Amino acid sequence: MTNLAETVALSDDELMRYARQILLESWDIDAQLRLKSSRVVMIGAGGLGCPASETLVRAGLGQTHLIDDDEIEASNLQRQTLFLPEDIGRPKALTAAEMLEKINPLISARGTVARLNEDNAYDLLDMAAGKPSLLLDCTDNFATRDIINRISVRFQIPLLTASAIGTQGQLALFEPQLNTGCYYCVFGSVTHNAEIDERTCANSGVLASTTAIMGNLQANAALQYLGLTKNPLINKLLLWDGSRMQQRLMGYRQDKHCPVCAV
Ligand SMILES: [Zn+2]
């Protein structure tokens, strides 16, 4: 591993702000520098994107890019923690990015009002400037997850995907460059999931704590991956059931016939 201290350093303000984190035995200056050097693209600035980005930005993630084409509605305020009543009608991506930079002026956050697809992915992910360190899927439907998964495999960018509905959530971290398997290996095709896809937060509801927990579990996995270069969910799908206060880990393997990620 290259010596990060040679290329990037922490200012006095950063050392002060992140002091409690750097104190940790498991998290040192190098971890903090790796986090500072990371660029994360988050797709979805809603129920999951708000808590996930807030924790990552407070922790010191260097560059956050939020992509979302939605506007803030009154019914979002119950769980989308970066928004205030006066933000109703404003674009989520831009409002969230502004708030993140207010929360931590030592980092950079930007928002793009767009819907990511396979055609615009190269430009939206700024691939010309190099690969993002990690993609965070913070969306709420299978169709978009399928697209993000295909983009992750095509550009070989690790994908940390979270979902939340009702009192339940799921989390997985796929590393296409290591052939860990992908979202399709675990969940199958969009058509197969069409029925389940009918269940979105808009029509089935979600408890405020479910998105807060799943967004922060996602941030927790991202911090380990970016700061400590560890995937805490190698070939494991995390399942959270808030009504029973239960968390389970389920193993999975790459489907050698997966049409998306199998060579
Ligand atoms: Zn696959």
Side-chain angles (χ1 to χ4, degrees), residues 38-44 46 48-49 52 65 67-68 114-127 130-165 168-200 214-215 217-226 228-241 247-263:
S38 298
R39 174 164 76 92
V40 170
V41 178
M42 307 186 55
I43 303 103
L48 293 164
H65 182 194
I67 300 173
D68 195 311
R115 182 169 290 227
L116 183 70
N117 59 47
E118 289 189 75
D119 294 331
N120 65 17
Y122 187 89
D123 291 333
L124 277 184
L125 300 182
D126 297 314
M127 289 296 294
K131 283 186 202 180
S133 319
L134 184 63
L135 296 180
L136 255 63
D137 166 15
C138 302
T139 58
D140 67 353
N141 65 83
F142 272 109
T144 315
R145 281 209 186 93
D146 184 62
I147 292 169
I148 299 170
N149 182 53
R150 286 168 195 275
I151 290 167
S152 148
V153 172
R154 178 168 143 212
F155 295 119
Q156 299 281 288
I157 307 168
L159 169 64
L160 176 55
T161 176
S163 67
I165 202 150
Q168 300 185 330
Q170 296 174 342
L171 186 71
L173 174 47
F174 304 108
E175 293 179 89
Q177 72 281 18
L178 300 180
N179 291 319
T180 57
C182 74
Y183 194 84
Y184 195 105
C185 292
V186 181
F187 294 100
S189 71
V190 180
T191 332
H192 172 74
N193 287 308
E195 261 177 51
I196 314 168
D197 197 30
E198 295 300 309
R199 288 179 66 216
T200 64
M214 293 316 299
L217 282 174
Q218 196 175 22
N220 182 74
L223 286 178
Q224 296 197 43
Y225 188 75
L226 300 169
L228 305 174
T229 62
K230 263 193 225 165
N231 179 351
L233 289 170
I234 298 174
N235 290 110
K236 288 194 177 74
L237 174 69
L238 183 152
L239 303 168
W240 163 252
D241 181 346
Q247 182 179 296
R248 286 191 299 140
L249 292 175
M250 246 180 59
Y252 69 84
R253 295 216 172 279
Q254 183 184 35
D255 175 356
K256 296 296 173 201
H257 304 288
C258 174
V260 178
C261 76
V263 184

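Everything quoted here is computed from the prediction, not taken from an experiment. Heads up: numbering here begins at 1 and tracks the sequence. Read the numbers this way: they start at 1 and go in the same order the structure lists the ligands and their atoms.
Of the options Ile148, Val260, Leu159, a side-chain contact (heavy atoms from CB on, under 4.5 Å) to Val153 is made by Val260 and by none of the others. Evaluated for a side-chain contact (heavy atoms from CB on, under 4.5 Å) with Leu171, the options Leu48, Leu237, Leu160 yield exactly one hit, Leu160.
The aromatic ring centres of Tyr184 and Phe174 sit 6.0 Å or more apart.
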### Message
Under the criterion side chain to side chain donor-acceptor pair (under 3.5 Å), I'd like the reasoning laid out for Asn141 against Thr144: C-alpha separation, chi angles, the key distance, then a yes or no.
### Response
CA-CA 6 Å; Asn141 65 83; Thr144 315; 2.7 Å; yes

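Tyr122 meets the ring-ring contact (aromatic ring centres under 6.0 Å, His included) test with no other residue; sequence neighbours excluded.
Between the side chain of Gln168 and the main chain of Ile165, no donor-acceptor pair closer than 3.5 Å is present.
Distances from the Zn ion (ligand 1) under 2.8 Å pick out these protein N/O/S atoms: Cys182 SG, Cys185 SG, Cys258 SG, Cys261 SG.
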